2 protein chains.
Amino acid sequence: MLKKLDPLLHSELRLAIMSLLISVEKAEFTYLKEQTEATSGNLSVQITKLEDAGYIFVKKGFKGKIPQTTCNITKKGVEAFEKYVKDLKEYLKL
Amino acid sequence: MLKKLDPLLHSELRLAIMSLLISVEKAEFTYLKEQTEATSGNLSVQITKLEDAGYIFVKKGFKGKIPQTTCNITKKGVEAFEKYVKDLKEYLKL
DNA sequence: TAAACTAGTTTATAATATAAACCAAATTTA
DNA sequence: TAAATTTGGTTTATATTATAAACTAGTTTA
């Protein structure tokens, strides 16, 4: 039967975040916001969910005097993403 | 930027239904239920949504004395599914 | 003829996503 | 230098969506 898709990744915005993070070393909140065109609130919530799941690591610091949130994907996150893609291919018969 | 994924297809059960229907001429409600392992209620609701969108055609008849619901994907449905797959590939960089 | 089964639909509830409102600090501008 | 604006977010409220539970209508079986 069809595999159960990871519900944490089967969300448009979270998938976009993970997809962006998988190909870079790290990315800033503002960069993710620009790329995804999400609102800050939505982005903040989804980042927290991915962080809680251990899929990404979030570091809060400052760029000069301005707060700066930086994210990077974890090993667990990469594995989850790859599994999601694999499972999805079964659905789509790719 | 990333394409907006068709929200009607970006649902696990609806995607499974469409994926099953795309490779067959038609399928019965019971077959879809077996394959997706969904509850009747959930399946019924999602079929109606796909029908309302014009992605599938639903025919209600009888097999002997027992009611039988048969579904088949429409041209519009095939197109939407193919577009979804294409858009998704951008996310996943496939 | 009562219980259990088939094939669903409707409705209520839970989960999720999203938007709006808010906050603190820094910066610009009048 | 005080007020307004911007930056970089978080929190909270609301809308949307998914799911499960309850129900309907008829059939088969014991």
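Atom set for the values below is all heavy atoms of this structure, side chains included, hydrogens, waters and symmetry mates excluded. We name chains A, B, ... by the order of the sequence lines, and we start the count at 1 in each one. Worth saying up front: this structure is predicted, and the values here are computed from it rather than measured.
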- Query: Rounded to whole angstroms, how far apart are CG on A/Leu15 and P on C/dT18?
  - Reply: 12 Å
- Task: Send over the distance from A/Tyr31 OH to D/dG9 P, rounded to a whole Å.
- Result: 16 Å
- Query: Taking side chain as C-beta onward, heavy atoms only, is B/Asn42 less than 4.5 Å from B/Thr36?
  - Reply: no
- Within a strict 4.5 Å, meaning less than it, do heavy atoms of the B/Leu92 and A/Leu15 side chains meet? yes
- Rounded to the nearest angstrom, tell me the gap between atom CG in B/Asn42 and atom C1' in C/dT10. 13 Å
- Query: Out of C/dT18, D/dG9, D/dT27, which has the shortest distance to the side chain of A/Gln46?
  - Reply: C/dT18
- Reckon B/Lys60 touches a base, only the sugar-phosphate, or nothing at all at heavy-atom distances under 4.0 Å? sugar-phosphate
- Note on the structure: Out of C/dA7, D/dT28, C/dA17, minimum distance to the side chain of A/Lys49 belongs to C/dA17
- Message: Please pick, from D/dT28, D/dG8, C/dA26, the nucleotide with the shortest atom-to-atom distance to any side-chain atom of B/Lys65.
- Response: D/dT28
- Note on the structure: A/His10 NE2 to C/dA17 P, in whole Å, measures 10 Å
- How would you label the contact of B/Ser40 with the nucleic acid (heavy atoms, under 4.0 Å): base, sugar-phosphate, or nothing? base
- Message: Under 4.0 Å, counting only non-hydrogen atoms across every strand here, what does B/Ser11 touch: a base, just sugar-phosphate, or nothing?
- Response: sugar-phosphate
- Figure out the CG/C1' separation between B/Leu8 and D/dT17, and round it to whole Å. 11 Å
- Interatomic distance where NZ belongs to A/Lys33 and C1' belongs to C/dA19 [whole Å]: 13 Å
- Query: With respect to A/Gln68, which candidate in A/Glu28, A/Lys59, A/Lys60 satisfies the side-chain hydrogen bond (donor to acceptor under 3.5 Å, both in side chains) definition?
  - Reply: A/Glu28
- Query: Nearest to the side chain of A/Ile66 - D/dT11, D/dG8, D/dT19?
  - Reply: D/dG8
- Which part of the nucleic acid, if any, lies within reach of B/Thr30 when heavy atoms closer than 4.0 Å are counted: base, sugar-phosphate only, or nothing? sugar-phosphate
- Task: Inspect the contact between B/Glu82 and B/Lys86 and indicate whether a charged nitrogen and a carboxylate oxygen are less than 4.0 angstrom apart.
- Result: no
- Query: Would you say the side chain of B/Tyr55 lies within less than 4.5 Å of the side chain of B/Asp6, judging by non-hydrogen atoms?
  - Reply: yes
- Atom CD1 of A/Ile17 and atom P of D/dG9 are separated, to the nearest Å, by 13 Å
- Query: Any side-chain N or O of B/Ser44 under 4.0 Å from OP1/OP2 of C/dG8?
  - Reply: no
- Item | Euclidean distance, atom CG of residue A/Leu32 to atom P of D/dT7 [Å, nearest integer] | 18 Å
- Note on the structure: Per nearest nucleotide of DNA chain C, the residue lying toward the 5' end, A/Arg14 or A/Gly41, is A/Arg14
